[in-house]
Amino acid sequence: MVISNNNIIEKEFDQMLMDLIKERRSVRLFNGKKISTNEILSIIEGATWAPTGCNNQELRFLILEKEEEINEILKFKPIFRGVSHIVLIFCDMSLPMSQKMYIKYKFERHLPYIDTGLALGNMILYAKSKGIDSCIFNLSEYHIKQEKNIKLINKILNKIKAKLGLHTLREDNFEFYLRKHLKIPKHLKIKCGVAFGFAKKYPNVNTDKHGWNKIMRKKVSYYILSK
Ligand SMILES: Cc1cc2nc3c(=O)[nH]c(=O)nc-3n(C[C@H](O)[C@H](O)[C@H](O)COP(=O)(O)O)c2cc1C
């Protein structure tokens with residue numbers, strides 16, 4: 001009897017989880033309502049329970065909620081109006097296992113990217129289960145502020161720095177911003193960003209496109225490789 005009860009609960013939970021997975025959308029326009037600190041912490045707690053390669057637990061999370069800080073990030077990624085919180089995800093390269101796996105051995109260098117993806121997956125799904133919308137966004141040390149009125153001389157200097165691979169010396173570069181303004185030490189390498197808030201405009205999965213593709217997924221058989 002207990003087993004059959006358990007079966008019923010499990011079946012309902014499967015379906016609920018699948019519905020949650022399918023209903024979550026990347027939201028890029030938020031309504032300005034704030035998420036509580038406890039909720040953001042619980043979303044990050046979800047991330048910390050994601051698996052990590054060799055159990056290195058190398059990911060670190062920076063929570064940005066002040067308007068000035070969020071506005072600065074939006075200069076690098078001019079979307080997400082009305083967002084409540086932005087979380088930046090870093091990999092701690094100073095850990096002994098990080099040094100060994102991500103620097104020494106080439107065949108393990110991709111692990112922090114996989115770990116970041118798994119952490120993000122937990123975060124966005126758990127957030128959705130609490131009615132909180134999100135959008136993962138690509139943010140790397142190479143991103144440049146999208147400013148309009150830059151003086152010609154600065155444009156030329158920036159191009160020279162970029163050509164010489166000195167992008168981190170550019171004041172409009174994200175790495176420069178991280179180290180100088182957010183005081184993030186060099187051993188923390190940025191992996192990704194994720195915006196959280198409450199949707200003002202929720203994407204329509206039946207009609208919306210992003211990039212080249214409709215956001216609606218095709219039938220599962222399309223993605224399965226034939227032998
Ligand atoms: C690694 C990664 C990077 C992404 N970067 C961006 C981004 O920079 N800007 C953006 O608007 N969406 C970004 N997205 C969201 C994708 O565009 C979105 O997941 C895709 O269009 C499918 O839509 P859905 O999430 O609503 O299913 C990113 C998603 C991932 C997983």
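Counting convention: from 1, in listed order, for ligands and their atoms alike.
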Atom pair CG/CD of Asn173 and Glu141 - distance to nearest 0.5 Å: 8.0 Å
Spacing of CE belonging to Met216 relative to CG belonging to Asn204, to within rounding of 0.5 Å: 8.5 Å
With a cut-off of 4.0 Å, which atoms of ligand 1 are near a heavy atom of [X]?
X      : value
Ile215 : 21 (O), 23 (O)
Lys77  : 7 (C), 8 (O)
Arg25  : 24 (P), 26 (O), 27 (O)
Ile79  : 9 (N), 11 (O)

On the ring face of Tyr105, is Lys100 found with NZ or CZ under 6.0 Å from the centre and within 45° of the axis? no
As a check for students: among [options], identify the option with a heavy atom nearest to [atom].
atom                    : options                       : answer
atom 31 (C) of ligand 1 : Val205, Ile136, Asn213        : Ile136
atom 19 (O) of ligand 1 : Gly193, Ser26, Gly117, Gly121 : Ser26
atom 17 (O) of ligand 1 : Arg217, Lys214, Arg28, Arg24  : Arg28

Any chance the side chains of Asp92 and Ser98 put a donor and an acceptor closer than 3.5 Å? no
Is it the side chain (CB and beyond), the backbone, both or neither of His210 that lies under 4.0 Å from ligand 1, heavy atoms counted? side chain
Which bit of Pro203 gets closer than 4.0 Å to ligand 1, counting heavy atoms only: side chain, backbone, both or neither? neither
Residue set satisfying ring pair (Phe, Tyr, Trp, His ring centres under 6.0 Å) with Phe76, at least two apart, ordered chain then number -> Phe174, Tyr177
Atom 5 (N) of ligand 1 - nearest protein heavy atom and its distance: Asn138 N, 3.2 Å
Does anything in residues 195-227 form a ring pair (Phe, Tyr, Trp, His ring centres under 6.0 Å)? List the pairs, not counting sequence neighbours. none
With a 4.0 Å cut-off on N to O distance, would you call Glu72 and Lys145 a salt bridge? yes
